[in-house]
Structures are given as structure tokens and as C-alpha cells.
Amino acid sequence: MPLARPIVFGNWKMHGLRADALALAGDLARRSARLSATLGVFPPATVLAEVARRVADTAILVGGQDCHDEPEGPYTGCISAPMLKDAGARAVILGHSERRHGFGESDELVCRKARAAIDAGLLVVLCIGETEEEWLAGRRFEVLARQLDGSLPANAGADSLVIAYEPVWAIGTGRIPELEDIRETHAWLRHQLSHRLADGAGTGLLYGGSVKAANAAEIMAQPEVDGVLVGGASLDAEEFWRIYTAGGGA
Ligand code: PEP
């Protein structure tokens, strides 16, 4: 079943010892007895199971931030998609720029991880986006096409995939593209997905990069923006909730 719009996901990254993570999850759970749209959090793996239990009475979706491309094996320190699922995850973020650029993950590896995650029954939040250098050189669409070519797994469909367009230069910087640019990129991405996937027209398409309560409404009002992936601002329950309601969620 397609996710209700807006889709608002919070990537906690490497933030959250138990006490803080559970307090944040508890605060969101108190606001979320019933949800008209889709709200999700992606905590560190160490607290994922406890966060999932803390929000179990709500419709809040819990996901992991990465997974291995094999279901199990001799891979010290890694976590597989079935392990995330077993811990209570319903989704996983893959191809985040902090992994593509910080850990050298290739499109091909991201694709294998995405295939493994979908096989395990997880929703994949597949991140793509150009660097500032590529943006300034006018290479945005070339880069996004390459990332889609290389990292979209063949087993993906609207029920198992959400795409997050995250310009690398907008992540954690307080800078966002002009609304017109977001509109243009998302229209282009929708067209691409419609050609690449059987149900591309229904695939969730998010914007990510310096989303805050103050800019969330105008971003989510753009055509083809189904929601947002939020980093820093998702660590504050009140701010994150205001982003969710700014998009029409209640
Ligand atoms: C992110 O890391 O996915 C992100 C969007 O971060 P921020 O909102 O902090 O820019």
C-alpha cells in the first residue's frame, strides 16, 4: 500500500545515547497516537530495537541507517537487512551522501544493499544527490541519472522504495536550493521514475537538506515533493513535529 503523504522521515545519524533516544521517541509517540500521514525515525542501530518498542503503539515507522548487502556472514561490525527487520525496523536509508562520500560507497554497492533490503521486506529510502562542484558545473541531472542507473535495484517498486533527493551541498549547511530548482529537479526525477519503474508515478519522492520547520511548508508545497528527509532538525521532537504538520500531517 502506498505511504500516506506527506512522508516525513528523521535521520538521527550518529546521535542518541539510550536516554536521549528514548526521550525523543517517547515525546514523538505521545503526539502520534493516530497519524494521518507518514512519520518515521531512523535511530542508531544500538537503540533501534528499544525505540521500536517505545513507539510500538503508534504508526511511527522505525528504520535503520545502513545495512550490509549479504543477509549474514563473516563481516565484523556490519548489520544485515534481516537483522534490522528482526530488531523492529520497517525501512532502511541507503546511499546517503555521508556513506557515498565518507565511506566510498559506489552505486553498485548501494544497489546490492537495496536489493538485499527489499528481499528482507524493508522499505528502502534511497538517497541521491549532486555535490556542490557538480551543481555549480551544471551536472545535476547527469549525476542523478548515473546514480539512478547504478543504484536502483531491479526488485524495487512503489511499495518498497522511496527516493530522497538530497543535494550534498544542502546537507547540514543551512542552505537549500531555490524552490524553483527543487521543483525542476523533482519534476525531472518523477519523469525518470515513471520510465524506470512500473509504478514510478506512485513512488515516494522526498527532498532532503537543511529542512526546518521554517522552510518545510514551502518545500512540501512543491509539485512532486511527497515529503522530506530531515537530519539535524529531527533531533528536536517539537521542531520535527512542526515539520510534519507543516506538510499537512496531523
Ligand atoms: C540528511 O543528512 O539526510 C539531512 C537531510 O541532514 P540535514 O537535515 O541536517 O541537512
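Both counts, for ligands and for their atoms, begin at 1 and track the order of listing.
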Q) Would you say the side-chain atoms of R140 and T185 include a donor-acceptor pair closer than 3.5 Å? A)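 R140 vs T185: donor-acceptor pair found between side chains.
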Q.
If only side-chain N and O atoms count, and only distance matters, is there a donor-acceptor pair under 3.5 Å linking Y165 with E130?
A.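 Distance-only check passes for E130 and Y165.
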Q: Quick one: pull up OG1 in T131 and CD1 in I171 and give me the separation to the nearest 0.5 Å.
A: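 T131 atom OG1 to I171 atom CD1 measures 11.5 Å (nearest 0.5 Å).
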Q.
If the contact criterion is a heavy-atom separation under 4.0 Å, does A170 count as touching ligand 1?
A.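 A170 counts as a contact of ligand 1 under the 4.0 Å cut-off.
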Q: Could you tell me if any non-hydrogen atom of A233 lies under 4.0 Å from any atom of ligand 1?
A: no
Q. Would you say I219 and I163 are hydrophobically clustered, going by side-chain heavy atoms of ILVMFWY under 4.5 Å?
A. yes
Judging by distance only, is a nitrogen or oxygen of [X] under 3.5 angstrom from one on ligand 1?
X	result
T173	no
G231	yes
G172	yes
G232	yes

Q. Only one of D69, D119, D107 forms a salt bridge (charged side-chain N to carboxylate O under 4.0 Å, His left out) with R112, so which one is it?
A.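 The option that passes is D69.
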**Q.** W12 and F42 aromatic centres sub-6.0 Å
**A.**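 Ring centroids of W12 and F42 are no less than 6.0 Å from each other.
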Q: Could you name the option among K13, Q65, E166, H96 that has the heavy atom nearest to atom 5 (C) of ligand 1?
A: E166
**Q.** ligand 1 atoms in contact with G209 (distance to a heavy atom under 4.0 Å)
**A.**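 Close to G209: 5 (C), 10 (O).
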